[in-house]
Amino acid sequence: MHLEQIIKEEVEKAIHACLGLEDQEVTLQPTRREFEGYYTFVTFPLSKTLKKAPAEIAGLLGEYLSANSPYISSYNVVQGFLNLSPRDGVWIDVLKNAWSDAEFGGRRSGDRRPGGRKVLIEFSSPNTNKPLHLGHLRNNFLGDSVSRILSANGDEVVKACLVNDRGIHICKSMLAYKELGKGETPESSGLKGDHFAGKYYVEFDKVYKQQIADLTAAGQTPEEAAKNAPWIVEAQKMLVDWENGDPATVALWKQMNQWVYQGFDETYRQIGISFDKTYYESDTYLLGKDLVEEGLSKGVFYKKEDGSVWIDLTDEGLDQKLVLRANGTSVYITQDIGTTELKYREYGAGQMIWVVGNEQDYHFEVLFAILKRLGRSYADGCYHLSYGMVDLPSGKMKSREGTVVDADELIAQMEHTAETRTKELGKIEDFEDDEAKRLYRMLALGALKYFLLKVDPKKRMLFNPEESIDFQGNTGPFVQYTHARIRSVVRKAAQNGVEGKLPDADYELKPAERDVIHLLSQYPDRVADAARAYSPSLISIYAYDLAKTYNQFYAGLSIFSDPDPRAVSLRVALSECVARTIAHAFALLGIEVPERM
RNA sequence: GCGCCCGUAGUUCAAUGGAUAGAAUUAUGGUUUCCGGUACCAUCGAUAGGGGUUCGAAUCCCUUCGGGCGCACCA
C-alpha cells in the first residue's frame, strides 16, 4: 500500500481517459496547508500540448477522479492546481498497513534489499594528538546516522574508521611530553587519555612559539625562525626516527597513542558510536606506491627529471598533481589511493563513502579522477560526503587558539541541563539513580545529535553554546517528550482496558486524524529519500513534523473521553503508531527515546 | 590571481522549477475543570543588488557586492 503511488496511477488513468494522453509521467506534490486536499497535481505543463487552459484540465481530471476513482473522495481546483483528497477508508487502510508492520519505514539491520548495495563508509577518523571537539561530533553523528539509514534502506554497510596515528603532529605531543612530562600519566594527572595528550600538544605549541619569538628577536625572519626553532627540528627528527623504527621513539609513540585510544573509547562509548573496522595510518601510509608504478607503466602518470611522479588532470579542469616525491616517498593522496585499493580488496564494496569536511572537496575530486584513470572499477562508486564546518559565534574553531568546543565537556554540560529540566518537570521521582542518569544522557545526546543532524550536511552551520542547545521548539528533547507523552497515553489505555483498534472503512475521520495519518504514510519514502541523498536532516525534519502534527492532534481532540468507542480505539492505535515511527526515525539518527522523562 | 561553495524574518534553520516563501527562537496576548504545558493557538517579521530564461525562479544562466574554503615535494 503506497498511497502516493496509487494516486499517481489514478491521475495517469484519468489523463488517459479524459485527455487521451498515454504514459504521462505524473508527479504529485503535497498540497499547501492553506488549501483543501493532500495531493496536488500541477496541470500547467499539459496546457501547452493540449491547448487547453490549466484550470480546465484540472477540472476535467478532478471531475473524472471523484466520479470514478475508488480512492478519491473530493477535489478542488485553484488555477492550474488540482488538489485531491483521498477517501477516509483509504486513510484507514494506510494506517492499518503501518500498524501491522513492525518494521514500518525500513528494514531490520542486515536484511538486504534485493539489489541492495554493499557500502563501506569511512568516518570519524581522528588525529591522536587531541581530544574530539564539536566538529568531530558532526562528522561522527553524520557517519553513524548515514550508516543506519542506508542499512534500513536495505544496503549492507561496513563502518570504517581511519585513525591518523602518525606524523609530525603526533611527534609534537611526544616531544613535549618527553621534555616536560616528568613521568606524568593520565592516571596521575587525573586526565582522560586524549585530553592528556592534547595538553602536551598545546605545550609544544607554546614553547615553539616562544622559540620563534626568540629567534626573530635575534634577527631571523619569521619564516626562518619557524624552520629553525629547536623543537620543530627535534620533532622532525623524531618523525624520521619513528619511520626508521627507533625503539625508544616507537615505544613512546605506542604509549601516547594507547592513552589516547583509552580516552577515545570512552567518548565513543558515551556517544554510542562503533566501527566494524579500524584502519591505522601507521599501517597504511606506505601503501599506494605500487599503484604509482602501475600508473607509470600505463602512462597515466609521468616522471619529471628530478624523479618526482605526477598526473596531469588539466583537461578535466583540475591541475597537475604530485603523487610521489623526488625522494621516492609518498604524499597524502598516494596513501589515499593505496588505502582505497586496500579497502576494496578487503570488502569488495561497490560503494565507498568518505565523510570528510568540505575543505577537502578538491582533494577528493582529484582522488576519484586518479582512480578512474587507473581503471579502477570502483571509481564510479566513490562518494565524498562533504559536510560544512561548525562555526562558533566568535568565528571558526581553531584548536591551537583554544577556541574549540570540547566534546566531553559539551556532553557533560548537556547532561546537566537535562537533569535540571527533568527535575523541574518532576515526572521521574521514582527513578533509581542509574535510571535517571541514563535518561539524562539520552536527553543530552538527543539534543546534541538532533542539533547537529537537523541541518543539511553540506551546509556550514553555527553553534551558539548559550542558545543553540535548547530543549524547546525544534529540538531532540521536544520529539523525545512527544514520544514519552504518547507512551503515557498508551499505558493509560492498557490500564483502562482500551485496545488500539482500527475502524471499518465507513468511519469518518477528523481532519487532525487525517493529517497525522497522512504524515505517517510518507515515512517509508522519507527514509528512501534520506538514503539517496545521504542526508539525516531529512529524517530529522520528518520526525519533528510528525511530533508537531501529533501534538496538534493531541491538543485538538480528546482521546479517552470521546463518546464513540471506535474513536477512542482508533486514537490509541494512531498514537501508538506515531510513537513507533518517532522511535524508528530517531533510531536512524542514533538517538534513543524514553518511555518517561 | 585561478577554482569551488554560500548569502532567506533580529537570530538559527526549511522549501524534487510551482500556489499567498514554512518552522523554531525572540516579543506580546491567549489555551474549554479532562489523557504529560519541554505542549497548543494567535500577532509582528525575510529571498543581498541588477539583468535574463520560463506559463511560473529563493531555486537555472549572466553580473555586481558580501562571506567561506581550496589552489604545498603538509596531512
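The analysis underlying the following values was restricted to heavy atoms, covering all of them including side chains, and did not include hydrogens, waters or symmetry mates. Within every chain, numbering begins at 1; the chains are lettered A, B, ... in the order of the sequence lines, protein sequences first and strands thereafter.
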### Query
Does the side chain of A:Leu134 reach to within under 4.5 Å of the side chain of A:Phe463, using non-hydrogen atoms?
yes
### Query
Is the charged tip of A:Lys304 near the ring of A:Trp310: under 6.0 Å from the six-membered ring centre and within 45° of its axis?
yes
### Task
Mind checking A:Asp562 for me? I need base, sugar-phosphate or nothing, with any heavy atom below 4.0 Å counting as a touch.
nothing
### Message
Ring-plane angle category for A:Tyr285 and A:Trp242, please: parallel below 30°, perpendicular beyond 60°, tilted otherwise.
### Response
tilted
### Query
Sequence neighbours excluded, which residues qualify as ring pair (Phe, Tyr, Trp, His ring centres under 6.0 Å) partners of A:Phe478?
A:Tyr544
### Task
Starting at atom CG of A:Leu318, determine the distance to atom C1' of B:rC71, rounded to an integer number of angstrom.
11 Å
### Message
Need one value for A:Gln79: base, sugar-phosphate or nothing, where a base atom within 4.0 Å counts as base even if backbone is also close, heavy atoms only.
### Response
nothing
### Query
C1' atom, B:rG1 versus B:rU16: distance in rounded Å?
38 Å
### Query
Looking across every strand, which nucleic acid part, if any, lies under 4.0 Å from A:Thr329 by heavy atom: base, sugar-phosphate, or nothing?
nothing
Distances for protein N or O near nucleotides 21-25 of chain B N or O, under 3.5 Å:
from, atom 1, to, atom 2, distance (Å)
B:rG22, OP1, A:Arg32, NH2, 3.4
B:rG22, O2', A:Arg33, NH2, 3.2
B:rA23, O2', A:Tyr544, OH, 3.3
B:rA24, OP1, A:Lys548, NZ, 3.0

### Task
Look through every strand shown and name the nucleotide pairing with B:rG56 as Watson-Crick or G-U wobble, where both distances are under 3.5 Å.
none
### Query
Can you find a donor-acceptor N/O pair under 3.5 angstrom joining the side chain of A:Asn83 to the base of B:rA19?
yes
### Task
Return the value, rounded to whole Å, for the distance between atom CZ of A:Phe41 and atom P of B:rU16.
19 Å
### Task
Please tell me if the side chains of A:Asp562 and A:Leu557 come closer than 4.5 Å, counting only heavy atoms from C-beta onward.
no
#### Entry: Any residue meeting ring pair (Phe, Tyr, Trp, His ring centres under 6.0 Å) with A:Phe141, in chain and number order, not counting sequence neighbours
none
### Message
I'd like to check the ring pair (Phe, Tyr, Trp, His ring centres under 6.0 Å) partners of A:Phe41; sequence neighbours left out, ordered by chain and number.
### Response
none
### Query
Could you state the OH-P distance from A:Tyr387 to B:rC69, rounded to the nearest angstrom?
15 Å
### Task
Give, ordered by number, those residues of residues 526-540 of chain A having at least one heavy-atom distance below 4.0 Å to an atom of RNA chain B; if nothing qualifies, reply none.
none
### Query
With a 4.0 Å cut-off on heavy atoms, is A:Thr482 in touch with a base, just the backbone sugar-phosphate, or nothing at all?
nothing
### Query
Mind checking whether A:Arg485 and A:Asn551 have side chains closer than 4.5 Å, heavy atoms only?
yes
### Query
Is any side-chain nitrogen or oxygen of A:Gln552 closer than 4.0 Å to OP1 or OP2 of B:rC41?
yes
#### Entry: A:Asn358 and A:His384 side chains, donor-acceptor separation under 3.5 Å
no
### Query
When all nucleic acid strands are considered with a 4.0 Å heavy-atom cut-off, which category describes A:Leu46: base, sugar-phosphate, or nothing?
nothing
### Task
For A:Leu286, enumerate each residue passing the side-chain contact (heavy atoms from CB on, under 4.5 Å) test, keeping only those at least two apart in sequence or located in another chain.
none
### Task
Just call it for A:Ser561: base, sugar-phosphate, or nothing, with non-hydrogen atoms closer than 4.0 Å on any strand.
nothing
## Note on the structure
Rounded to whole Å, the CG-P distance (A:Leu28 to B:rU16) equals 16 Å
### Message
Mind checking if A:Asn464 touches a base, just sugar-phosphate, or nothing, with heavy atoms under 4.0 Å?
### Response
nothing
### Message
Applying a 4.0 Å non-hydrogen cut-off, can you work out what A:Val331 is touching in the nucleic acid: base, sugar-phosphate, or nothing?
### Response
sugar-phosphate
### Message
For a quick check of understanding: with a heavy-atom distance under 4.0 Å over all strands, which category does A:Met389 fall into, base, sugar-phosphate or nothing?
### Response
nothing
### Query
Would you find more than 12 non-hydrogen atoms of other residues, nucleotides or ligands less than 6.0 Å from A:Glu592 atom CD?
no
### Message
Can you list everything that forms a ring pair (Phe, Tyr, Trp, His ring centres under 6.0 Å) with A:Phe204? Sequence neighbours excluded, please.
### Response
A:Tyr208, A:Trp231
#### Entry: Watson-Crick/G-U partner (both atom distances under 3.5 Å) of B:rC69
B:rG3
#### Entry: Whether over 12 other heavy atoms sit under 6.0 Å from A:Glu34 CD
yes
### Task
Indicate, with a heavy-atom threshold strictly under 4.0 Å, whether A:Ser558 touches base, sugar-phosphate, or nothing.
base
### Task
For A:Ser569, enumerate each residue passing the side-chain hydrogen bond (donor to acceptor under 3.5 Å, both in side chains) test, keeping only those at least two apart in sequence or located in another chain.
none
### Message
Below the 4.0 Å mark, does B:rU38 have OP1 or OP2 next to a side-chain nitrogen or oxygen of A:Arg596?
### Response
no
When you compare the protein's N or O atoms with those of nucleotides 1-9 of chain B, which come within less than 3.5 Å of each other, and at what distance?
none

### Message
If you count heavy atoms of other groups shown closer than 6.0 angstrom to CD of A:Glu359, is the number above 12?
### Response
yes
### Message
Counting the atoms with a prime plus P, OP1 and OP2 as sugar-phosphate, which does A:Leu462 contact under 4.0 Å by heavy atoms, base, sugar-phosphate, or nothing?
### Response
sugar-phosphate
### Query
Which residue, A:Leu557 or A:Asn127, contacts RNA chain B at a nucleotide closer to its 5' end, judged by nearest heavy atom?
A:Leu557
### Task
Let me know the distance between NZ of A:Lys321 and P of B:rC74, rounded to the nearest Å.
10 Å
### Message
What is the distance, to the nearest angstrom, from the OH atom on A:Tyr550 to the P atom on B:rC35?
### Response
14 Å
### Message
Within the 4.5 Å heavy-atom criterion, are A:Gln480 and A:His483 side-chain neighbours or not?
### Response
no
### Message
Just the rounded figure in Å: distance from P of B:rA39 to CD of A:Glu424.
### Response
13 Å
### Task
Determine the contact category for A:Glu281: base if any of its heavy atoms lies under 4.0 Å from a base atom, sugar-phosphate if only primed atoms, P, OP1 or OP2 are that close, otherwise nothing.
sugar-phosphate
### Message
Using atom P in both nucleotides, what's the gap between B:rU54 and B:rC41 to the nearest angstrom?
### Response
42 Å
### Query
Between A:Phe35 and B:rA19, do the rings stack, that is, sit under 5.5 Å apart with planes less than 30° off each other?
yes
### Task
Could you list the residues that satisfy side-chain contact (heavy atoms from CB on, under 4.5 Å) with A:Asp315, not counting sequence neighbours?
A:Arg373
### Message
At 4.0 Å (heavy atoms only), tell me whether A:Phe478 reaches a base, stays on the sugar-phosphate, or touches nothing.
### Response
sugar-phosphate
#### Entry: Ion pair check, A:Arg596 and A:Asp430, cut-off under 4.0 Å
yes
Could you go over nucleotides 55-63 of chain B and give all protein N or O partners under 3.5 Å, atom names and distances?
from, atom 1, to, atom 2, distance (Å)
B:rC55, OP1, A:Lys48, NZ, 3.3

### Query
Can you check whether A:Arg460 has a side-chain N or O nearer than 4.0 Å to OP1 or OP2 of B:rG67?
no
### Query
Taking CD from A:Gln480 and C1' from B:rA39, how many angstroms apart are they, rounded to a whole number?
15 Å
### Under 3.5 Å side-chain donor-acceptor pair for A:Thr549 and A:Asp515
no
### Task
Report yes or no: is the cationic atom of A:Arg138 (NZ for Lys, CZ for Arg) under 6.0 Å from the centre of the six-membered ring of A:Tyr387, at an angle within 45° of the ring normal?
no
### Summary
Scanning all shown strands, the Watson-Crick or wobble mate of B:rU20 with both distances under 3.5 Å is none
### Query
In the structure shown, which nucleotide is the Watson-Crick or G-U wobble counterpart of B:rG45, with both distances under 3.5 Å?
none
### Query
Which part of the nucleic acid, if any, lies within contact of A:Ala484, taking any heavy atom under 4.0 Å across all strands shown: a base, the sugar-phosphate backbone alone, or nothing?
base
Kindly give the atom pairs (protein nitrogen or oxygen, nucleotide nitrogen or oxygen) under 3.5 Å for nucleotides 30-33 of chain B.
none

